[in-house]
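For reference, positions follow the sequence shown, starting with 1. Heavy-atom basis, side chains included; hydrogens, waters and symmetry copies ignored.
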Amino acid sequence: MPRLSEVIAALDALWPAERAEQWDAVGTVCGAPEAEVSRVLFAVDPVQEIVDEAVRLGADLLITHHPLYLRGTTTVAASTFKGRVVHDLIKHDIALHVAHTNADSADPGVSDALAGALGLRVVGPLVPDPADTAGRRGLGRVCELEHPLPLAEFAERAATRLPATAQGIRVAGDPAQTIRRVAVSGGSGDSLFGAVRAAGVDAFLTADLRHHPVSEARAEAPLALLDAAHWATEWPWCELAAAQLDEISDRHGWSLRVHVSKTVTDPWTAHAASSTTTLAASATRAPSDPESLGAPN
């Protein structure tokens, strides 16, 4: 069995910490370098449900995309939910390692996994890393569909192929618009609208889209927008990363048992679709009228 320090060295080769954004907090949160590792669990969020799963699984190492402490802390007291996570990890000899924006910009990275889940062919990065002379690393990806699809069909594809969440897929644009080229970005992507417009794509699929950036983007160009749940756009990376670690394990003869959590840690738990009637007609209905609520997604 490899020691934690050996596994971390292999992970750092995949996702070097120096390629993380300056504000980010990546790397090993807890774990003894000399500890042996035999079982690894990948997940998006380092939350209690995932730690409990790692304990049940008998994992020695938990690798998450999101940091546990992004903005720092002055305490790891078990009376706080993050402190309890740390206590439980250490109590059960489970190391925690984080690959966040350094995994976003990797080749392959989070957006490559998202494009793969959607059946898209990656053309190149949306925001290239200037340090990569090969032009493969960077934030987001510009992609092409194998065959053009109406926006409505592409949205249905996204809803079917990404992990199911309460939100589903929100769409801004003409359902009949033909989609050929698509930009994708796992996680929050509305800061990338300038790069999206410059890429000349027909649609942009990301997460956490806000009212004003969307309104302005739609006013500036006939760009279709698809807003998926943050967790759903990043979960495919867990499968990609697990496959990468599996390959490393085989190459080194480590015989690691690598798992991907299927626990849904998206914080939204239900969705009530709005009525398709006009605002004026809806206003005449009592709030308790069951016809004023749509079926959950």
Side-chain angles (χ1 to χ4, degrees), residues 21 23 101 104-130 132 134-162 165 167-237 268 271 273-274 276 278-279 297:
E21 297 293 319
W23 51 263
T101 54
D104 286 335
S105 61
D107 172 35
V110 171
S111 293
D112 292 289
L114 174 58
L118 296 171
L120 302 173
R121 183 178 71 85
V122 173
V123 176
L126 177 62
V127 182
D129 179 351
D132 177 24
R136 297 176 61 87
R137 292 198 310 265
L139 296 178
R141 293 294 183 266
V142 177
C143 310
E144 292 180 346
L145 282 158
E146 183 178 358
H147 303 291
L149 289 176
L151 174 59
E153 286 190 34
F154 180 60
E156 286 297 326
R157 174 189 288 199
T160 300
R161 297 193 179 188
L162 293 181
T165 60
Q167 174 180 316
I169 306 294
R170 297 192 301 173
V171 180
D174 179 356
Q177 179 183 347
T178 300
I179 306 299
R180 297 179 178 86
R181 284 170 59 88
V182 181
V184 300
S185 179
S188 305
D190 62 17
S191 64
L192 303 177
F193 275 135
V196 171
R197 284 191 291 270
V201 296
D202 304 306
F204 179 36
L205 186 147
T206 187
D208 299 340
L209 289 179
R210 296 168 296 163
H211 175 90
H212 293 296
V214 167
S215 178
E216 292 168 7
R218 291 283 300 154
E220 290 190 29
L223 177 68
L225 300 172
L226 298 96
D227 182 39
H230 190 120
W231 174 85
T233 64
E234 294 179 330
W235 184 86
W237 171 81
W268 302 104
H271 176 105
S274 299
T276 56
T278 64
L279 183 61
N297 246 9

Scan the side chains in residues 213-221 for donor-acceptor partners under 3.5 Å anywhere in the protein, sequence neighbours excluded, and list what turns up.
unit_1, atom_1, unit_2, atom_2, d
R218, NH1, L223, O, 2.8
E220, OE1, R197, NE, 3.2

Pairs under 3.5 angstrom only: tabulate donor-acceptor contacts from the side chains of residues 113-121 to other protein residues two or more places apart or in another chain.
unit_1, atom_1, unit_2, atom_2, d
R121, NH2, E144, OE1, 2.4

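Between C143 and R181, every side-chain heavy-atom pair lies at or beyond the 4.5 Å cut-off. No side-chain heavy atom of V171 sits under 4.5 Å from any side-chain heavy atom of L225. No side-chain heavy atom of F204 sits under 4.5 Å from any side-chain heavy atom of L226. The closest side-chain heavy-atom distance from T165 to W231 is below 4.5 Å. Residues V182 and R141 are not in side-chain contact: their nearest non-hydrogen atoms beyond the backbone lie 4.5 Å or more apart. For the pair L126/V196, a side-chain contact is recorded, criterion being any heavy-atom separation below 4.5 Å from C-beta on. With contacts defined as side-chain heavy-atom distances shorter than 4.5 Å, the pair W235/V110 does not qualify. A heavy-atom distance below 4.5 Å is not found between the side chains of L151 and D174.
With salt bridges taken as basic N to acidic carboxylate O contacts below 4.0 Å, one links R210 and D190.
In this structure, D129 CG and L139 CG are separated by 8.5 Å, a value rounded to the nearest 0.5 Å. Atom CG in L149 sits 9.0 Å away from atom OG1 in T178 (nearest 0.5 Å). Expressed to the nearest 0.5 Å, how far CZ of R170 lies from CG of D227 amounts to 4.0 Å.
With sequence neighbours left out, R136 forms a salt bridge (charged side-chain N to carboxylate O under 4.0 Å, His left out) with D107.
Pairing each heavy atom of A232 with each of L162, the nearest pair is O-CD2, 4.0 Å. Heavy atoms only, all atoms of each residue included: T233 and H230 are closest at OG1-O, 2.9 Å.
With T206 contributing its side chain and G189 its backbone, the two residues share a donor-acceptor pair below 3.5 Å. At distances below 3.5 Å, at least one donor-acceptor pair connects side-chain atoms of D112 with backbone N or O atoms of G109.
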